[in-house]
Amino acid sequence: MAPMTTWASNDDGTVSDEEEAYYRQRAKEVGLVITGCTHVQPNGIGFTNEFAAYDDRFIPSLRKLAIAAKSGGAPAILQIFHAGVKTLPSLVSDVVAASAVAGEGGPFAAAIVPRALSEEDIEQVVAAFADTTRRAIAAGFDGIELHGAHGFLIQNFFSPHSNRRTDQWGGSLENRMRFPLAVVAAVKNAIADHANGPFALGYRMSVEESGDGGLAIADSLQLVTHLIEAGASYLHASLGSALDQKPAKSGGDATIVSILRDHIAGRIPLVAAGSIRTPAQAESALDMGLSLVAVGQGLVMNPDWIAHARTGRDSDIRLTISADDVVTTNIPRKLWAVIDGTPGWFNVVASMPDDVGQCTPEMKS
Ligand SMILES: Cc1cc2nc3c(=O)[nH]c(=O)nc-3n(C[C@H](O)[C@H](O)[C@H](O)COP(=O)(O)O)c2cc1C
């Protein structure tokens, strides 16, 4: 199960009963559950009604999620992050990032100029990732995944576009890798100090950024090397299309998955997500050398995706979603409102009546 935000926690940041039911229904037969992202500091929230993990008082709520995510027998990984420049100004007054470089905006984030973190702030964020890992262990998760993708704080530090710092945290590739690797090291220490058995440390990345001066795949491969050396348990590539996507900038015929596969050369498992909707596509992705295929929208639309695949009922797998499916698939009302209100996302064939779920401007901003 690919990591997917639900926009559906309780207003106090605890996991809601709707979220619990949503995870339980999808966790039934998958091999691994990766939860939606949770913020490690109060000002790291990326989405409205995103469940929180920045304080020990959230451990019972995290435990509720871990139990639901593991209820099908698979291990569960808590995805942790700080949204950085992509936090919502409506939720956070102090929006921070590596440098005071405006975000790009988009369907879920405003294009605002953040405050550059001080050295002391950076140490506190790094420590917050370690503290959140300790909470994940206490809550019963089997690992954490660092969300180093989608322009959030970890990628924001790695990117030559958004990181314009001139201290040890910016400038050269080595300096831009310092924050991601400091987080990995702190999380590793937390695992050594608190976990009684195996506990995974995954890392999700976007691999490259569009636009001049953005991340190139060559940078990402260097980071991958360091992540392996630092003891990451797996690499998770977030792609638009796991099967076909090629680097936008460097040309050539090789897909990003094959480039990563060859670079990693079996040293750690490689996971990728991106437009895997059918079992045949998942098999092709495994044939390309992926260790695990992450399924996102396919699993939102089809809680029984694996059961259909296992029994060869491919034609029962929905490729579109309509309001009529929302109740039987336990899609939280607020998640449906976002799905229904975001053009180009999912294949929505029939909208929900307005009085049932509505995407507010704040949810989308
Ligand atoms: C509803 C929804 C919420 C998402 N939330 C997250 C998230 O919290 N963290 C993350 O890394 N990716 C998130 N993603 C991206 C997915 O993990 C995945 O990479 C993407 O949807 C592509 O896979 P797919 O084509 O199978 O959906 C989200 C995607 C969806 C559809």
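Values reported hereafter were calculated over all heavy atoms of this structure, with side chains retained and with hydrogens, waters and symmetry mates removed. We count ligands from 1, going down the list as the structure has it; atoms in each ligand are counted the same way.
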Q | Sub-4.0 Å atoms of ligand 1 with respect to non-hydrogen atoms of C37 | A | 8 (O)
Q) Is the backbone N or O of G170 less than 3.5 Å from a side-chain atom of R165, with the two atoms forming a donor-acceptor pair by type? A) no
Q. Of the protein's non-hydrogen atoms, which lies at the shortest distance from atom 29 (C) of ligand 1, and what is that distance?
A. M4 CG, 3.7 Å
Q. So between R204, H150, Q281, whose heavy atom ends up nearest atom 18 (C) of ligand 1?
A. R204
Q: Quick one: do R135 and D55 satisfy salt bridge (charged side-chain N to carboxylate O under 4.0 Å, His left out)? Show the steps, please.
A: CA-CA 8 Å; R135 288 177 204 118; D55 190 276; 5.8 Å; no
Q.
Under 4.0 Å from atom 3 (C) of ligand 1, can you find at least one protein heavy atom?
A. yes
Q: Check whether any heavy atom of G274 sits under 4.0 Å from an atom of ligand 1.
A: yes
(Q) If I apply the N/O under 3.5 Å rule, does G36 come out as touching ligand 1? (A) no
Q.
What protein heavy atom lies closest to atom 16 (C) of ligand 1? Include the residue and the distance to one decimal.
A. P3 O, 3.5 Å
Q | Donor-acceptor side-chain pairing of H150 and Q155 below 3.5 angstrom | A | no
Q. Do L146 and I154 have side chains that get closer than 4.5 Å, going by heavy atoms?
A. yes
(Q) For atom 26 (O) of ligand 1, what's the nearest protein heavy-atom neighbour? Residue, atom name and distance, please. (A) G296 N, 2.8 Å
Q. Among protein heavy atoms, which lies nearest atom 25 (O) of ligand 1, and at what distance?
A. S275 N, 2.7 Å
(Q) Would the distance check show the side chain of K249 and the main-chain N or O of E209 forming a donor-acceptor pair, the cut-off being under 3.5 Å? (A) yes
Q) What about W345: any of its N or O atoms under 3.5 Å from an N or O on ligand 1? A) no
Q: May I ask you to identify the nearest protein heavy atom to atom 5 (N) of ligand 1, giving residue, atom name and distance to one decimal place in Å?
A: T5 N, 2.9 Å
Q. Going by the order shown, which atoms of ligand 1 are within less than 4.0 Å of some heavy atom of S238?
A. 19 (O)
Could you go through residues 291-307 and list every donor-acceptor pair under 3.5 Å that involves a side-chain atom there, pairing it with any protein atom two or more places apart or in another chain?
| residue | atom | partner | partner atom | Å |
| --- | --- | --- | --- | --- |
| S291 | OG | L270 | N | 2.9 |
| S291 | OG | L270 | O | 3.4 |
| Q297 | OE1 | F346 | N | 3.1 |
| N302 | OD1 | R318 | N | 2.6 |
| N302 | ND2 | G298 | O | 2.9 |
| N302 | ND2 | R318 | O | 2.9 |
| D304 | OD1 | K28 | NZ | 3.0 |
| W305 | NE1 | R277 | O | 2.8 |

Q: Can you sort out which atoms of ligand 1 are near Q79, meaning under 4.0 Å from one of its heavy atoms?
A: 7 (C), 8 (O), 9 (N), 10 (C), 11 (O)
Q. What about Q297: any of its N or O atoms under 3.5 Å from an N or O on ligand 1?
A. yes
**Q.** Numbering as shown, the atoms of ligand 1 that approach F346 to under 4.0 Å (heavy-atom distance)
**A.** 31 (C)
Q: Could you tell me whether some N/O pair between A2 and ligand 1 is separated by less than 3.5 angstrom?
A: no
Q) Considering only heavy atoms of R277, which atoms of ligand 1 have at least one such atom less than 4.0 Å away? A) 24 (P), 25 (O), 26 (O)
Q. Quick one: does F47 get a heavy atom under 4.0 Å from ligand 1?
A. no
Q: Look only at interatomic distance and state if L335 has a nitrogen or oxygen under 3.5 Å from any nitrogen or oxygen of ligand 1.
A: no
Q: Report, as yes or no, whether the 6.0 Å neighbourhood of atom CD on Q124 holds more than 12 heavy atoms from other residues, nucleotides or ligands.
A: yes
Q | Heavy-atom check, side chain of I264 versus side chain of V224, under 4.5 Å | A | yes
Q) Should E29 and R310 count as side-chain neighbours, where that means a heavy-atom distance under 4.5 Å? A) yes
(Q) Checking the side chain of N163 only, and the main-chain atoms of W169 only, is there a donor and an acceptor separated by less than 3.5 Å? (A) yes
(Q) Can you confirm whether D287 is buried at CG, in the sense that more than 12 heavy atoms of other residues, nucleotides or ligands lie under 6.0 Å from that atom? (A) yes
Q: Mind checking the CG-CD1 spacing from L260 to I217? Nearest 0.5 Å is all I need.
A: 5.5 Å
